[in-house]
Amino acid sequence: MYTFRTLRVLGKQCNSSVTSALWKRSQVQSRRHRVDISGIYPPIATPFTLKEDVDYDKLEENVHKYAKVPFKGLVVQGSNGEYPYLTEDERVEVVRRVRNTLPKDKLVMAGSGCESTRATVLMTEKMAGAGADVVLVVTPCFYKGKMDSRALVHHFTKVADSSPVPVVLYSVPANTGLTIPVDAVASLATHPNILGLKDSGGDITQIGLIVHKTKEEDFRVLAGSAGFLMAAYSVGAVGGVCALANVLGREVCELEQLCVTGRWEEARALQHRLIEPNTAVTRKFGVPALKQAMEWFGYHGAACRSPLQPLTEVECQQLRKDFSTNGWL
């Protein structure tokens, strides 16, 4: 049996917890409304030295060049940043260097996803401390057979509850083998600290359905590739995180403007010319191709960190052809 004194203390603690929870919810709600994520972001690469150390000087030089392109911001430590091959300290330091170099009116969206919820919460706090405006949280996937809607909703909710900055969900089935189910996205869209979704799957039907199912919420969808950017805009996406923007940034931003102003014939013509080079630096040849193309277009790409290998001569020739036949080289 509880004494009256014990019950009174428990009541005070309960009221304090409720008050704290309500205050925190109001804080994340206000942050959510302040951050507009619409626009184009390149998921920037991480340059390395010949010894495979992070080359922070070249990273900063790239950021200075990207600051001159009309991007909404930069995605740092996404898939194209080779984040699985970086140490925790390197991941955080790359974000810090980018934030210190990039003009303050540009957003820094930092990848903070880890396999466990606990590790993701801690990494998210560190990314926020390094200056990230928003975090991009990829689906945990090592135990992908158990990552159903219940597990994913639990994971992302815990991260968003604790995050000092707003959260964007990240679905990249080509790398994780997982697609965040529509019902899970619709549930997470009601969270006051979850802004939206970066969808790299390319299923336009699903993107359109997510936009429809979340239309009552302040929730936004970003296309995860320049290859289907126009199609994504046509069903309600508001921007894109596009690997190709690392080398054809102004052109991808032009496609964005054509879409948002309804100039669909011009948009279609430009979209067609972006498909082959986009495929080449993503599904076809991956990050090594992106880094090679960056060198051609005046950025620091350099080698990848092992075990990723540079392109073969044949692959390099095909990559050049994919750009040149569309008028980019």
**Report entry** Check: S225 side chain, G227 main-chain N or O, donor-acceptor pair, under 3.5 Å
**Finding:** yes
Query raised in the report: Taking C-beta and beyond as the side chain, do L229 and I40 meet within less than 4.5 Å on heavy atoms?
Result: yes
Report summary line: Hits for side chain to side chain contact (heavy atoms under 4.5 Å, CB included) against A226, two or more places apart or cross-chain, chain-then-number order -> C242, L244, V252, N278
Query raised in the report: Can you name the ring-ring contact (aromatic ring centres under 6.0 Å, His included) partners of Y85, sequence neighbours left out?
Result: none
Query raised in the report: Under the side chain to side chain contact (heavy atoms under 4.5 Å, CB included) test, which residues partner V235, sequence neighbours left out?
Result: I204, I207
Report task. Output all residues satisfying salt bridge (charged side-chain N to carboxylate O under 4.0 Å, His left out) with R305, sequence neighbours left out; order by chain, then residue number. Result -> E90
Query raised in the report: Can you find a heavy atom in the side chain of M109 that is under 4.5 Å from one in the side chain of V135?
Result: no
Query raised in the report: Do Y83 and V138 come within less than 4.5 Å of each other through their side chains, counting heavy atoms only?
Result: yes
Query raised in the report: With F48, which residues qualify under ring-ring contact (aromatic ring centres under 6.0 Å, His included), at least two apart?
Result: none
Requested in this report: Please collect all side chain to side chain donor-acceptor pair (under 3.5 Å) contacts where either partner lies in residues 103-115, sequence neighbours excluded, each pair once.
Outcome: S112-T124
For residues 152-159, which side-chain donor-acceptor pairs fall under 3.5 Å, sequence neighbours excluded?
from: H155; atom 1: ND1; to: T117; atom 2: OG1; distance (Å): 2.8
from: T157; atom 1: OG1; to: V153; atom 2: O; distance (Å): 2.6

Requested in this report: Return yes when atom NZ of K213 has more than 12 non-hydrogen atoms of other residues, nucleotides or ligands closer than 6.0 Å, and no otherwise.
Outcome: no
Report summary line: Residues passing the salt bridge (charged side-chain N to carboxylate O under 4.0 Å, His left out) test with R263, sequence neighbours excluded, are E266
Query raised in the report: Does the distance from a Lys or Arg side-chain N to an Asp or Glu carboxylate O, for R96 and E93, drop under 4.0 Å?
Result: yes
Requested in this report: Classify the angle between the aromatic ring planes of Y299 and Y66 as parallel (below 30°), tilted (30 to 60°) or perpendicular (above 60°).
Outcome: parallel
Report task. Answer whether the closest heavy-atom distance between the side chains of V281 and V247 falls below 4.5 Å. Result -> no
**Report entry** Residue list, salt bridge (charged side-chain N to carboxylate O under 4.0 Å, His left out) with E251, at least two apart or on another chain
**Finding:** none
**Report entry** L197 vs V168 side-chain heavy atoms within contact, under 4.5 Å
**Finding:** no
Query raised in the report: Got a sec, which pairs hit side chain to side chain donor-acceptor pair (under 3.5 Å) with one end in residues 194-208, sequence neighbours left out?
Result: Y170-K198
Query - With sequence neighbours excluded, residues passing side chain to side chain contact (heavy atoms under 4.5 Å, CB included) with D55 - result: P47, T49, D57, K58
Report task. Say whether S38 and D36, considering side chains only, have a donor N or O and an acceptor N or O under 3.5 Å apart. Result -> yes
Report task. Under the salt bridge (charged side-chain N to carboxylate O under 4.0 Å, His left out) rule, collect the residues that match up with E125, sequence neighbours excluded. Result -> none
**Report entry** Heavy atoms of other groups near K65 NZ, more than 12 under 6.0 Å
**Finding:** yes
